[in-house]
*Asks:* 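My questions all concern the structure below.
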Amino acid sequence: MSQHTRSAALGAFTALAITGLTLGTVLSAPAVAAAPKAPGFLAAKDLPPHPGSSWTAGRVTAGVPEVLELDTCLGKALGGGSNTWYREFRTDLDAGARQVSAELPSVSAAKGRFSRVDKDIKSCAKRIERADPELEATLRDYGTLDVEEGAHVYGLHVETSWGATDIRLLSVGRDGRAVTVVDWGQMGDFGDAPVKAFKKTTTTAVKKLH
């Protein structure tokens, strides 16, 4: 089910020199390949403006956060965290956001990851309701964005049997071998979702990848 934050490169290069005592030459061993560099990430100012609080951005961190591994919408689609990074965003109130980006080994692999994430988001509402009969979930498709290799934006509303409601905006985009997911949420319903501003955020996220 939806998760919200409510308090809202690595590069290694090693060269080993071997001294040729007999020939008086210096031979360098092949360099160790540099570790993949994290794609570019959103800044706090890129998030949809919040009427009651400014956004604060956390550090860009390697891997996938533990809370996301249990997420019904994205937990299985983002992979095991290899060559993946994330950044958390929070406000002083109930709104929170997260960006997760992966650098895949090939364009073909990136296309596959994009499709898998898109498919899992589309089926998320049904899977939420199957997992918990106390929840009612509704998904809205807000369409695609013409940025780099494309992006897709969705809204997800979840209501409990006792009346609590959450609204979540999700998007997935791709630029070459990089795929990014932007996840925004707060208490409320579709009327509280800043869809236009979130589309702008998603466009910025994809443009910043490379």
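Every heavy atom of this structure was used, including side-chain atoms; hydrogens, water molecules and symmetry mates were not. Each residue takes its place number in the sequence, starting with 1. Everything numeric here is computed off the predicted structure, so don't read it as measured data.
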*Asks:* Would you call Arg177 and Asp175 a salt bridge, taking side-chain N to carboxylate O under 4.0 Å as the test?
*Replies:*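 No salt bridge links Arg177 with Asp175.
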*Asks:* Can you give me the closest heavy-atom contact between Glu129 and Ala137, atom names plus distance?
*Replies:*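 Glu129 and Ala137 have their closest heavy atoms at OE2-N, 2.9 Å.
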*Asks:* Under 3.5 Å, side chain of Glu159 to main-chain N/O of Ala164, donor-acceptor pair present?
*Replies:*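 It does not hold such a pair.
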*Asks:* Measure from the side-chain N and O atoms of Asp192 to the backbone N and O of Asp189, and report whether any donor-acceptor pair falls under 3.5 Å.
*Replies:*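 Yes, the answer is positive, given that a donor and an acceptor are paired below the 3.5 Å cut-off.
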*Asks:* Trp55 and Pro48: which non-hydrogen atoms are nearest, and at how many Å?
*Replies:*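 Shortest heavy-atom separation between Trp55 and Pro48 comes out as NE1-O, 2.8 Å.
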*Asks:* Less than 4.5 Å apart, side chain to side chain, heavy atoms only: is that true for Leu68 and Leu78?
*Replies:*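 They are in contact (side-chain heavy atoms under 4.5 Å apart), so the answer is yes.
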*Asks:* Taking atom types as modelled and ignoring hydrogens, do the side chains of His152 and Asp118 form a donor-acceptor contact shorter than 3.5 angstrom?
*Replies:*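 Judged by distance alone, the side chains do pair up.
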*Asks:* List the atom of Asp120, the atom of Cys73, and the distance in Å for their closest heavy-atom pair.
*Replies:*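 It is CB-O, 3.4 Å.
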*Asks:* Check this for me: does any side-chain nitrogen of one of Asp46 and Lys200 sit under 4.0 Å from a carboxylate oxygen of the other?
*Replies:*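 A salt bridge is absent here (no side-chain N lies under 4.0 Å from a carboxylate O).
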*Asks:* Is the terminal nitrogen or CZ of Arg140 (NZ for Lys, CZ for Arg) located under 6.0 angstrom from the six-membered ring centre of Phe190 and within 45° of that ring's axis?
*Replies:*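 Yes, Arg140 lies over the aromatic ring of Phe190.
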*Asks:* Is the closest basic N to carboxylate O distance between Arg168 and Asp71 below 4.0 Å?
*Replies:*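 Yes, charged N to carboxylate O under 4.0 Å.
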*Asks:* Return yes if some donor-acceptor pair links the side-chain N/O of Thr61 with the main-chain N/O of Arg59 below 3.5 Å, else return no.
*Replies:*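 Here the side-chain-to-backbone pair exists.
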